[in-house]
Peer 1: 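Following this message is one structure expressed as structure tokens.
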Amino acid sequence: MSSDFEAYELDFGTITAEVTNKIGRIPKLSGEEKTQLVLNVDKQLEEVRELLEQMDLEAREIPIQSRAMYNSRLKSYKQEIEKLEKDFKRSRIAYSDEVRNELLGDEASSSENQRAHLLDNTEKLERSSRRLEAGYQIAVETEQVGQEILGNLHSDREKIQRARERLRETDANLGKSSRILTGMLRRIIQNRVLVFMLGAIILLTIILAIYFNLRGH
């Protein structure tokens, strides 16, 4: 997993270096050329965000004893991309002195102040949007945890019900066995009584036979 993380790091370093260079060129351009470069940088920044997401996923799979180091590196990369995005926003509304004088003339200073104010408001809106997204993500994760807990409770309930059914079956079997044993014991006692009575009758018959035999003599 760490090798995949490091491969993403190499791609991240290559793309961010290109983006940094292009951001520095944007204020020096105007017209269609500037528009095309802005679109190109925007696309590369999206690629960098995807790389950060991949690195985040890889960091979660790294053994816990090494994870802190990778999380620290990932945090610094996130800070770097945030700075690049801010520089990119400034570069889109900024012009070199030569281009600004060509496009705006004497109104350059006033227009620049308006753009700076607009940029500040845009950054505030984006920070609020990120906070909302983070809150939404927490809510989604909380819902997932709740669903997992409910699933576990349902599974535990089914296990308890099955255990109760087995206990009822065991209790029924024990009752049946007890009745069988009681019947067997009753028959044994009856058989012994019959044997005793039969023995007594035989003994009495023998005694009477001996008595009458002696009396006849």
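Computed over heavy atoms, backbone and side chain alike; hydrogens, waters and symmetry mates excluded. From a predicted model like this one, the values you see are computed outputs, not experimental measurements.
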Peer 1: Does R73 offer a backbone N or O that forms a donor-acceptor pair with the side chain of S76 under 3.5 Å?
Peer 2: yes
Peer 1: Flag the pair T20 / I23 as yes when at least one side-chain heavy-atom distance between them is below 4.5 Å, and no otherwise.
Peer 2: no
Peer 1: Establish, for the pair R192 and F196, whether the NZ or CZ atom is under 6.0 angstrom from the six-membered ring centre and no further than 45 degrees off its axis.
Peer 2: no
Peer 1: Working to the nearest 0.5 Å, report the span between CD1 of I62 and CD of E58.
Peer 2: 7.0 Å
Peer 1: Give a yes or no on whether M69 and Y8 share a hydrophobic cluster (residues Ile, Leu, Val, Met, Phe, Trp, Tyr; joining criterion: side-chain heavy atoms under 4.5 Å apart).
Peer 2: yes
Peer 1: Going only through I, L, V, M, F, W and Y residues with side-chain contacts under 4.5 Å, is there a path from L198 to I206?
Peer 2: yes
Peer 1: Tell me whether S178 contacts the main-chain N or O of L174 through its side chain, where contact means a donor paired with an acceptor under 3.5 Å.
Peer 2: no
Peer 1: Taking distance alone, no hydrogens or angles, what donor-acceptor pairs closer than 3.5 Å link side-chain atoms of residues 39-47 to residues at least two apart or in another chain?
Peer 2:
from	atom 1	to	atom 2	distance (Å)
N40	OD1	K22	NZ	2.4
Q44	OE1	K22	NZ	3.1
Q44	NE2	E18	OE1	2.7
E46	OE1	R49	NH1	2.9

Peer 1: With hydrophobic residues grouped by side-chain heavy-atom distances under 4.5 Å, do L204 and Y211 end up in a single group?
Peer 2: yes
Peer 1: Spell out, yes or no, whether I202 and I210 are grouped together once hydrophobic residues are joined by side-chain heavy atoms under 4.5 Å, including indirect joins.
Peer 2: yes
Peer 1: Parallel, tilted or perpendicular: which one describes the rings of F12 and Y77, with boundaries at 30° and 60°?
Peer 2: tilted
Peer 1: Distance-only, no hydrogens or angles: does the S177 side chain make a donor-acceptor pair with backbone N or O of N173 under 3.5 Å?
Peer 2: yes
Peer 1: Is there side-chain contact between F88 and I26, with at least one heavy-atom pair below 4.5 Å?
Peer 2: yes
Peer 1: Would you say CZ of R164 has more than 12 non-hydrogen atoms from neighbouring residues, nucleotides or ligands within 6.0 angstrom?
Peer 2: no
Peer 1: Roughly how far, to the nearest 0.5 Å, is CE of M55 from CG of L57?
Peer 2: 11.0 Å
Peer 1: By side-chain hydrogen bond (donor to acceptor under 3.5 Å, both in side chains), which residues pair with K83, not counting sequence neighbours?
Peer 2: D87
Peer 1: Ignoring hydrogens and geometry beyond distance, is a side-chain donor-acceptor pair present between E32 and Q36 at under 3.5 Å?
Peer 2: yes
Peer 1: Under the 3.5 angstrom rule, does the side chain of K34 hit a backbone N or O of R92 as a donor-acceptor pair?
Peer 2: yes
Peer 1: Could you check L52 against D56 for side chain to side chain contact (heavy atoms under 4.5 Å, CB included), going step by step and ending with a plain yes or no?
Peer 2: CA-CA 6 Å; L52 285 176; D56 189 21; over 6 Å; no
Peer 1: Look up atom OG1 in T16 and atom CG in L84, then write down how far apart they are to the nearest 0.5 Å.
Peer 2: 6.5 Å
Peer 1: Does any non-hydrogen side-chain atom of Y70 lie less than 4.5 Å from one of E6?
Peer 2: yes
Peer 1: Would E165 and Q161 satisfy side-chain hydrogen bond (donor to acceptor under 3.5 Å, both in side chains), going step by step from the backbone distance to the final call?
Peer 2: CA-CA 6 Å; E165 290 174 358; Q161 288 178 342; over 6 Å; no
Peer 1: Which pair of heavy atoms, one from R60 and one from R67, lies closest together, and at what distance?
Peer 2: O-NH2, 3.6 Å
